[in-house]
Amino acid sequence: MAYSTKEQGHLKSELDNIKKDGIFKEERIICAPQDSEIEVIFPSGTEEKNVINMCSNNYLGLSSHPEIVEAARKGLDHRGYGMSSVRFICGTQDIHKELEDKLTKFLGTEDTILFPSCMDANAGVFEAFMNEEDVMIADRLVHASIVDGMRLAKAMTDTYKHSNMDHLEKKLILHEDKRLKLIVTDGAFSMDGDLAKLDKIVELAEKYNALVFVDDSHSSGFIGKTGRGTHEHFDVVGKIDIITTTLGKALGGASGGCVSGRKEIVEMCRQKARPYLFSNSIAPVIVAASNKVIDIVSSSTERRDKLEVNTKFWRKGLIDAGFIIKDGETPIVPVMLFNAKLSQDFAKDLYSEGIYAIGFFFPVVAKGQARIRTQLSAAHDMTHLEKALAAFIKVGKKYDILNKTKEEIIGKYGN
Ligand SMILES: *Cc1c(COP(=O)(O)O)cnc(C)c1O
């Protein structure tokens, strides 16, 4: 056996180092459907606790919505459980094509291809249509799955400073002679909750003959007047060449992703994208439920509007209470604490108060930028948010960080 005490020792010491660095991730266990209120236990064996969930991507509250659950059940009855195949062999059902068409219409693009996840969409899309003659110019804060996807492609990679349009323009000039130039960005950035400046990005793309790629995972379903995404918000529908997004967040929260955009690019993905060709089809039950999700978000803005009301209430409540939050308008609301340990202690105290939120610190966010990231949902009612706000204020008072400047908080706790 090759896995002797020597090999085991190497890995054990690596794991010990992760623990020593304080970045060992312990997963909480939810003993209920995903929702605004959940039962949670820690693996270390604490008692089950009912908490208000402030850290899921269940933006529209569809994860456990009765209509979605019912649609999933029907999907199970009519199209079975598994596909046991990739799409191009015998893994494509009518409902897969239906979902691709619905997403195309919803996103306002030319065509759509499903992937097992958005991570897979991002892993496959760049390699599928770009080569050595091309360049990908990415915002420095793009999601890890985009970073990985770019690594897999043969095209040259460059970056621009986060949302810095002057820097992007310099890079576009620098790479003017390339065959294809692709600007790569998230639509909404998941850690700060800010939006990419898509209007400016499209302007630059037109000026320098570049294509635009947007990952709208944290926007699809709720950003923009009718929830189509950041392209709707910035009035550039039809001008984004590639949109990738996930079915694993606002759009039902199960799993699955897609590439949507120019039909030739989508076709290249169907022919060549490796996570599409070599990974199983999305299960019929998820596809059937996703079809229902798109029907719901296409026919009414009710849930998206409620989310907006909740987001405004929450942002205003935190600011009025004297917290420092990141500016913005998305339901991703980071409460800034700057110090890593403080972010962990704060989250623990919130949990004792029945509020489930997670403290993030380096390397997930920049050094000295530790925070509690809160996320709103249409599943939250005012009573949830009032209770959560009261808990934040109570814990904020305990640590004496209300109505303090960033410098005062860092002065007290370090960063
Ligand atoms: C969550 C997320 C993904 C991954 O989506 P999955 O479908 O869960 O793989 C990709 N990109 C961004 C920007 C995300 O936030």
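As the structure lists them, so they are numbered: ligands from 1, and atoms in each ligand from 1.
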Option from Asp215, Thr245, Thr244, Thr230 for which side chain to side chain donor-acceptor pair (under 3.5 Å) with Ser220 holds
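Answer to the side chain to side chain donor-acceptor pair (under 3.5 Å) test with Ser220 among Asp215, Thr245, Thr244, Thr230: Thr245.
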Side-chain donor or acceptor of [X] paired with backbone N/O of [Y] under 3.5 Å:
| X | Y | value |
| --- | --- | --- |
| Arg315 | Thr330 | yes |
| Lys154 | Met130 | no |
| Ser279 | Tyr276 | no |

Enumerate, atom names and distances included, each donor-acceptor pair closer than 3.5 Å involving a side-chain atom of residues 288-297, sequence neighbours excluded.
{"from": "Ser290", "atom 1": "OG", "to": "Ile286", "atom 2": "O", "distance (Å)": "2.8"}
{"from": "Asn291", "atom 1": "OD1", "to": "Leu99", "atom 2": "N", "distance (Å)": "3.3"}
{"from": "Asn291", "atom 1": "ND2", "to": "Ile95", "atom 2": "O", "distance (Å)": "3.3"}
{"from": "Asn291", "atom 1": "ND2", "to": "Val287", "atom 2": "O", "distance (Å)": "3.4"}
{"from": "Asp295", "atom 1": "OD1", "to": "Lys102", "atom 2": "NZ", "distance (Å)": "3.0"}
{"from": "Asp295", "atom 1": "OD2", "to": "Lys102", "atom 2": "NZ", "distance (Å)": "3.3"}

Show the distances, to 0.1 Å, for all pairs joining an N/O atom of ligand 1 and a protein N/O atom that are shorter than 3.5 Å, listing one pair per line.
{"from": "ligand 1", "atom 1": "7 (O)", "to": "Cys118", "atom 2": "N", "distance (Å)": "2.8"}
{"from": "ligand 1", "atom 1": "7 (O)", "to": "Thr246", "atom 2": "OG1", "distance (Å)": "2.6"}
{"from": "ligand 1", "atom 1": "9 (O)", "to": "Cys118", "atom 2": "N", "distance (Å)": "3.3"}
{"from": "ligand 1", "atom 1": "9 (O)", "to": "Met119", "atom 2": "N", "distance (Å)": "2.9"}
{"from": "ligand 1", "atom 1": "11 (N)", "to": "His143", "atom 2": "ND1", "distance (Å)": "3.3"}
{"from": "ligand 1", "atom 1": "11 (N)", "to": "Asp215", "atom 2": "OD2", "distance (Å)": "2.6"}
{"from": "ligand 1", "atom 1": "15 (O)", "to": "His218", "atom 2": "NE2", "distance (Å)": "3.0"}
{"from": "ligand 1", "atom 1": "15 (O)", "to": "Lys249", "atom 2": "NZ", "distance (Å)": "2.6"}

Is it the case that Lys19 places NZ or CZ above or below the six-membered ring of Phe24, under 6.0 angstrom from the centre and within 45 degrees of the axis?
yes
